[in-house]
Amino acid sequence: MQERIYRFRCVEGWSMVVPWVGFELPQLIKYLKPLSSAKYIRFETLYDPDQFPDQKRGVLAAIEYPYVEALRMDEAMNPLSFIATGLYRHTLPPQNGAPLRLITPWKYGFKSIKSIAKITFTDTEPINTWQKIASNEYGFFANVNPNVDHPRWSQARERVLGKFFKQDTLMFNGYEKEVAHLYKGIDLKKLF
Amino acid sequence: MKKKLALASILLLPFIFLLYMLFVVEVEDPIKYIYTITGATALMLLYITTIISMLKKAINLVKYRRMVGLFSFFYALLHMINFVVLDMELDAASVISETLKRPFIYLGTISFLLLVFMSITSTKKLFPKFYKYHKVIYISIILSSVHFVMAQKALSVEQWVYLSIMPIVLVFKLLQRTKIIHI
Ligand code: HEM
């Protein structure tokens with residue numbers, strides 16, 4: 001286990017810095033030994049209406065369950081990709097995604113799927129929960145990008161939690177050096 | 001007079017609560033919090049204003065209607081100031097470009113301008129001439145509701161509540177106008 005202090009940027013415009021505890025996702029993948037034909041890794045949140053109040057609401061729930069998120073294999077194998085088991089040096093509380101939560105700090109917060117109950121390797125691109133709800137608003141990558149606005153609001157700046165004033169949002173949330181090579185030749189305005 | 005003062009104090013409670021949450025409790029996302037409290041209060045007070053009109057034959061509270069409406073404007077004004085001062089940081093260019101570019105912002109702005117119009121024409125002198133145009137309050141309610149729904153990623157239970165009051169008020173008003181119900 002190690003501690004990782006990452007920026008966290010929500011697609012709705014707030015941000016904070018979080019000290020996570022956990023291990024690198026590549027370590028887990030090496031342990032799981034996926035077939036070389038695997039192109040994507042797909043995660044699913046636990047479905048248990050007794051524990052997740054919104055899942056109990058059935059058709060009135062805010063979104064469809066179980067929650068699904070996925071990464072391309074090369075994204076998942078990036079050393080920044082992290083599985084959190086804790087934060088602030090404590091075990092993850094249930095509402096923060098216990099027992100296992102994905103953290104990809106260069107992507108919007110909704111990528112960081114909580115309470116992972118199932119991991120699948122696949123060769124076809126999975127459809128993520130928010131992508132399914134509104135594919136014109138939430139793309140597969142969901143990389144933090146101040147130059148590509150959400151269709152309904154700007155992504156150029158962010159509200160740092162605990163502060164009255166906003167700050168500029170950085171390309172890939174400030175992790176450009178580590179991850180920009182993953183998207184070489186890709187038009188991030190189209191594949192946002 | 002005393003009653004009006006009491007009412008004004010009650011209508012100020014959300015504002016005092018907001019200050020308390022901002023400066024004593026120190027909520028973590030102040031800009032968002034100001035939007036929520038001022039926006040939801042402004043909308044609720046618009047509903048109450050229309051409900052006072054609708055029930056005036058049953059319980060006549062019309063003498064308080066103007067004050068409730070003006071307080072709605074007051075909260076909408078705080079909401080707008082939050083946008084210009086804290087969210088856009090007084091940058092006139094972004095205020096204008098965001099307003100023109102984002103449908104939810106210009107719908108909110110139109111709604112706000114309707115409130116400005118009603119506030120200005122609510123004086124003793126002007127109201128007799130303009131009261132028939134104060135029906136735009138229903139347009140303001142509809143625009144504000146579309147506005148806040150569009151500002152969200154997904155709706156929370158509280159947001160569903162303030163949204164669901166709208167059709168009730170509108171249908172009630174329609175039934176009353178078409179004389180299907182007599183209250
Ligand atoms: C000058 C015009 C207006 C502007 C620029 C404006 C701006 C905004 C913005 C930017 C948000 C989104 C906050 C966020 O979620 O990040 C918002 C939310 C909201 N606005 Fe407005 N608005 C305006 C007028 C109004 C009016 C007139 C009303 C009601 C009478 C209203 C009611 C609301 C409500 C209820 C929300 C949702 C708050 C929440 O649930 O968090 N707005 N507004």
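Every chain is numbered from 1 and lettered A, B, ... according to where its sequence line falls, protein lines coming before strand lines.
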All N/O donor-acceptor pairs, side-chain side in residues 8-16 of chain B, below 3.5 Å, sequence neighbours left out:
| residue | atom | partner | partner atom | Å |
| --- | --- | --- | --- | --- |
| B:Ser9 | OG | B:Leu5 | O | 2.7 |

At a heavy-atom separation under 4.5 Å, does B:Lys101 approach chain A through its side chain, its backbone, both, or neither?
-> side chain
At a heavy-atom separation under 4.5 Å, does B:Glu26 approach chain A through its side chain, its backbone, both, or neither?
-> neither
With chain A, which of B:Ile34, B:Leu22, B:Asp87, B:Ile105 has the greatest number of heavy-atom pairs at distances under 4.5 Å?
-> B:Asp87
Just checking, any donor-acceptor pair under 3.5 angstrom between side chains of [X] and [Y]?
X	Y	value
A:Ser115	A:Thr45	no
A:Thr124	A:Thr122	yes
B:His134	B:Thr121	yes

Close side-chain approach of B:Val157 to B:Trp160, heavy-atom, < 4.5 Å | no
List for me each residue that meets side chain to side chain contact (heavy atoms under 4.5 Å, CB included) alongside B:Tyr106, sequence neighbours excluded, and say none if there are none.
-> B:Thr99, B:Pro103
Listed by number, the residues in residues 4-36 of chain A that come under 4.5 Å of chain B (heavy atom to heavy atom) are A:Val11, A:Glu12, A:Trp14
Can you list, pair by pair, the side-chain donor-acceptor contacts under 3.5 Å of residues 60-80 of chain A, counting residues two or more places apart and other chains?
| residue | atom | partner | partner atom | Å |
| --- | --- | --- | --- | --- |
| A:Glu64 | OE2 | A:Lys132 | NZ | 3.0 |
| A:Tyr65 | OH | A:Asp54 | OD2 | 2.5 |
| A:Tyr67 | OH | A:Phe110 | O | 2.7 |
| A:Tyr67 | OH | A:Trp130 | NE1 | 3.4 |
| A:Glu69 | OE1 | A:Lys111 | NZ | 2.8 |
| A:Glu69 | OE1 | A:Asn128 | ND2 | 3.3 |
| A:Arg72 | NE | A:Asp74 | OD1 | 2.8 |
| A:Arg72 | NH2 | A:Asp74 | OD1 | 3.3 |
| A:Arg72 | NH2 | A:Asp74 | OD2 | 2.8 |
| A:Arg72 | NH2 | A:Leu182 | O | 2.7 |
| A:Glu75 | OE1 | A:Arg72 | N | 2.9 |
| A:Glu75 | OE2 | A:Lys107 | NZ | 2.7 |
| A:Glu75 | OE2 | A:Tyr183 | OH | 2.4 |
| A:Asn78 | OD1 | A:Leu80 | N | 2.9 |
| A:Asn78 | ND2 | A:Glu178 | O | 3.2 |

